[in-house]
Structure formats: structure tokens, C-alpha cells
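The sequence lines fix the lettering, A, B, ..., with proteins before strands; numbering per chain opens at 1.
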Amino acid sequence: MPELPEVETVVRGLRVSLPGRTILDVRLGKTDFIDDPVALGEQLPGTQILDVTRLGKFIAIGLAPVGRAPETSERLYLIVHLGMTGQLMTRPAGDAVPAHTHVFFGLDDGRELRYTDVRRFGRMLLVPESKIALFQERLGAEPLEITLKEFCTRFGSRGARVKALLLDQGILRGVGNIYADESLFRAGIHPARIARTLTKAQLAALHKSVRQILTSAIRLRGSSVSDYVDSDGNRGEFQFRHRVYQREGKPCSRCRNKIRRVIVAGRSSHFCPRCQPAPRSRKARRKGKKS
DNA sequence: AGCTCTTCCTGAAAGC
DNA sequence: TGCTTTCAGGAAGAGC
């Protein structure tokens with residue numbers, strides 16, 4: 001499922017051949033994941049693609065109107081979130097169309113930019129340049145850029161479980177279930193630990209492991225565990241490096257204990273019970289104090 | 001206010 | 001064999 005490394009891989013792929021192209025037309029299938037489907041057809045034909053960037057797990061395609069009056073020529077962003085099963089790919093217009101392909105952007109070089117999404121957990125919307133700052137306000141820090149100090153500020157005071165905070169896009173933008181679990185394993189921290197009970201050293205270890213895991217995953221072009229493929233249809237390879245994610249019952253690569261799975265923050269959370277010791281329960285803490 | 005749980009969707013895999 | 005049930009997960013919104 002697309003998290004930061006997968007979205008980054010897609011963005012890098014699209015950046016190779018999209019800038020400079022003009023969108024000729026828009027064709028739509030199911031549209032329940034699009035904020036304003038009519039606007040796509042009205043505003044996109046004739047626009048030229050300027051650049052492709054990543055905002056957390058969102059893909060932002062910058063567009064400039066072509067041959068329009070200046071008052072209507074504000075730069076526009078086509079924002080795409082891949083959800084769980086979304087794929088954004090370029091294909092020659094005549095190529096066979098996979099099932100669940102719901103958006104087609106015809107390009108001036110004979111290709112199509114296509115959006116395919118089996119479960120339609122994705123999202124698509126248009127944001128004018130003037131609203132892009134507002135759009136980004138809801139997003140937290142970029143995990144590859146956040147300083148240790150800022151990381152400690154955002155995590156150190158919180159009473160939520162650390163796994164829930166890693167998944168919260170308002171704190172860090174881009175981390176999802178796979179990389180949260182892999183980062184916690186690398187840092188030796190149990191997913192259910194309350195963030196503000198983490199030591200300074202543990203926060204530092206987590207800050208470092210998140211960046212290391214994401215960087216390695218980008219290098220291997222992401223994890224293909226279900227439908228994920230990049231903008232050319234290629235699978236990633238980081239799934240072969242997973243140490244805990246979807247490895248329940250298998251031996252820990254570090255200590256050989258069996259990897260376990262529990263639900264934390266409503267999500268499957270994979271961890272090694274020995275390398276990531278469980279937080280003591282309230283009951284156990286009371287007992288410990290009395291004696 | 002802060003945190004957790006439920007809901008949306010579909011197909012693969014497990015269960016009977 | 002074939003049907004039913006369960007599970008996966010991002011993020012909005014409900015609930016506590």
C-alpha cells in the first residue's frame with residue numbers, strides 16, 4: 001500500500017515524462033473518490049503540466065492554463081492520494097485498460113495518464129495555488145526533514161500510543177502501517193508504548209530509524225505487498241526487507257523469537273516481544289509500587 | 001481537548 | 001466443491 005516511499009517512487013517516475021505535456025481531455029468512470037468530478041473536465045483540458053511533487057502521501061501535479069486570459073490563469077494543482085490500492089500510470093492511449101480504471105487524462109504525446117483503484121480509498125481533487133498553503137496546514141512534518149528537537153516536541157508530550165502518533169498525518173506526513181512497524185522494530189520500541197513515557201534516547205532512536213527505514217525503502221522503490229506498482233507498472237522490492245510487517249509467527253531476524261501481531265490504534269501491529277518489550281500495564285505498575 | 005473506534009470498498013484467502 | 005466469513009488499510013467522522 002502506498003506510503004511515503006511508494007508515493008515518492010511514483011512521483012519520481014512521473015517527473016521524467018509529464019512536465020511539458022498538455023492535458024487534452026478527461027474521461028471519468030466511477031467518481032465517488034473525486035471531490036468535484038465536474039471540475040476536472042471543466043478546468044483541466046488545455047492545461048500544461050509544470051511539475052510533479054509529493055506532499056506526504058499526496059501527489060501534487062502542478063498545472064498552468066494555456067492560452068487563457070490572465071484573470072483565469074492561476075496555477076492549479078491536481079492532487080491525488082492513492083489510498084490503499086490506487087495506481088497512477090502513464091500508458092500509450094491504445095493500451096489495454098485494467099479493471100477499476102476510473103480516470104483517464106489524454107496527453108498531447110499520444111499517452112494517457114490513468115488512475116486505477118480497486119477499493120477506491122484514494123482521493124482526487126483540484127486545489128488552486130492560493131489554497132495550497134491551507135491544504136498543507138493539515139499535514140505534519142516531513143519525516144525525512146524533521147529535526148530531533150522538533151520530533152521530541154511532537155511526540156514527547158503526547159498521551160497516545162506511539163504507533164497511533166506515527167500514523168497521524170497531522171504529526172508526520174507520509175508514514176503508514178508498514179513503515180511505522182518497521183521503524184518501531186528498528187528502534188526497539190513496542191507499538192503500544194505511550195509516547196510521553198519514552199526516554200530521550202528512545203525518541204532519538206525512533207527519529208533515526210524512521211528516516212533510515214524510509215530512505216532504504218525509497219532506494220528499493222517501495223514495498224509491493226498488494227497492488228502497489230510505480231508509474232511504469234513496476235513492483236518495488238522493499239517487501240523482501242521487512243523484518244516484522246506481515247511476518248507473524250516467523251522468527252525475529254535479531255533474536256529468533258516469534259514475531260507477534262496485535263491491534264494498536266485499530267491497525268495490525270507487528271513486533272518482536274523480546275526486542276520490543278511491552279509496556280507494563282496499569283495493574284502491574286500499581287502492584288510494583290506497593291511492594 | 002485528546003484519544004480511540006468505526007466506517008467506507010473490494011478481492012484474496014481462510015473456514016466450514 | 002462452493003458458499004460464507006474474515007481481513008487488509010488511510011483518514012474522516014463518531015463516540016467516549
Side-chain angles (χ1 to χ4, degrees), chain A residues 1-8 10 29-37 54-60 79-88 98-103 115-125 127 134-141 143 153-184 190-198 214 217 222-229 235-236 238-239 242 244-249 259-271 279 281-282:
Chain A
M1 38 240 68
E3 305 179 23
L4 188 152
E6 291 76 28
V7 177
E8 180 65 26
V10 170
K30 289 187 181 175
T31 58
D32 55 356
F33 59 94
I34 305 175
D35 282 26
D36 184 354
R54 179 180 61 77
L55 306 174
K57 296 178 195 170
F58 291 91
I59 297 163
I79 305 282
V80 180
H81 193 298
L82 301 175
M84 253 197 82
T85 53
Q87 302 174 341
L88 198 55
H100 308 291
T101 302
H102 302 299
V103 186
Y115 182 73
T116 305
D117 190 348
V118 173
R119 291 178 211 178
R120 303 200 305 287
F121 271 31
R123 203 180 150 200
M124 196 176 286
L125 67 156
V127 179
L134 192 68
F135 178 80
Q136 287 208 63
E137 252 174 42
R138 299 176 300 114
L139 295 175
T153 303
R154 287 181 183 247
F155 281 77
S157 64
R158 302 290 298 265
R161 291 173 289 186
V162 63
K163 173 71 182 277
L165 296 180
L166 283 170
L167 296 178
D168 186 338
Q169 301 300 298
I171 296 176
L172 284 184
R173 54 171 81 172
V175 178
N177 208 36
I178 297 172
Y179 300 108
D181 280 5
E182 294 298 322
S183 299
L184 287 166
H190 191 283
R193 283 288 301 275
I194 300 300
R196 65 166 162 249
T197 70
L198 295 172
L214 293 176
S223 303
S224 289
V225 290
S226 63
D227 300 48
Y228 168 71
V229 291
R235 291 167 62 82
F238 195 72
Q239 64 275 18
H242 292 174
V244 287
Y245 183 76
Q246 285 191 347
R247 297 196 67 248
E248 184 182 14
I259 299 301
R260 287 199 50 209
R261 184 177 73 94
V262 292
I263 301 297
V264 178
R267 287 284 161 269
S268 272
S269 299
H270 312 77
F271 67 101
S281 69
R282 237 176 293 232

Under the side-chain contact (heavy atoms from CB on, under 4.5 Å) test against A:M124, which residue among A:I79, A:D117, A:V103 passes?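 Running side-chain contact (heavy atoms from CB on, under 4.5 Å) over A:I79, A:D117, A:V103 with A:M124 returns exactly one hit, A:V103.
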
Hey, does [X] reach any base, or is it just sugar-phosphate, or nothing, if we go heavy atoms under 4.0 Å?
X: A:R120; value: sugar-phosphate
X: A:T85; value: nothing
X: A:Y245; value: sugar-phosphate

On DNA chain C, nearest-nucleotide positions of A:M84 versus A:R123: which is more 5'?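 Taking each residue's closest nucleotide, the earlier one in sequence belongs to A:M84.
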
Length of the line joining A:Q246:CD and C:dC7:P, which is rounded to integer Å: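 So the CD-P distance, A:Q246 to C:dC7, works out to 14 Å.
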
In whole Å, what is the span from the CG atom of A:L167 to the P atom of B:dG2?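 Spelled out: CG on A:L167 to P on B:dG2 is 19 Å.
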
Aromatic contact between A:Y245 and A:H270, with the criterion being ring centroids under 6.0 Å apart: yes or no?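 Yes, they do, as the ring centres are separated by less than 6.0 Å.
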
Could you tell me whether the phosphate oxygens of B:dC8, OP1 or OP2, come under 4.0 Å of any side-chain nitrogen or oxygen in A:R119?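 No, A:R119 has no side-chain N/O under 4.0 Å of OP1/OP2 on B:dC8.
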
State, without any angle test, whether A:R261 and A:S268 hold a side-chain donor-acceptor pair at a distance under 3.5 Å.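 There is such a pair between these side chains.
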
For A:E8, run the salt bridge (Lys or Arg N to Asp or Glu O under 4.0 Å) check against A:R173, A:R54, A:K57 and tell me which one passes.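 In the set A:R173, A:R54, A:K57, the residue that makes a salt bridge (Lys or Arg N to Asp or Glu O under 4.0 Å) with A:E8 is A:R54.
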
A:A160 side-chain proximity, nearest of C:dG9, B:dC3, C:dA12: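 Among the listed nucleotides, the one closest to the side chain of A:A160 is B:dC3.
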
Stacking between A:F121 and the base of C:dA11 (centre distance under 5.5 Å, interplanar angle under 30°)?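 By the stated criterion, A:F121 and C:dA11 do not stack.
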
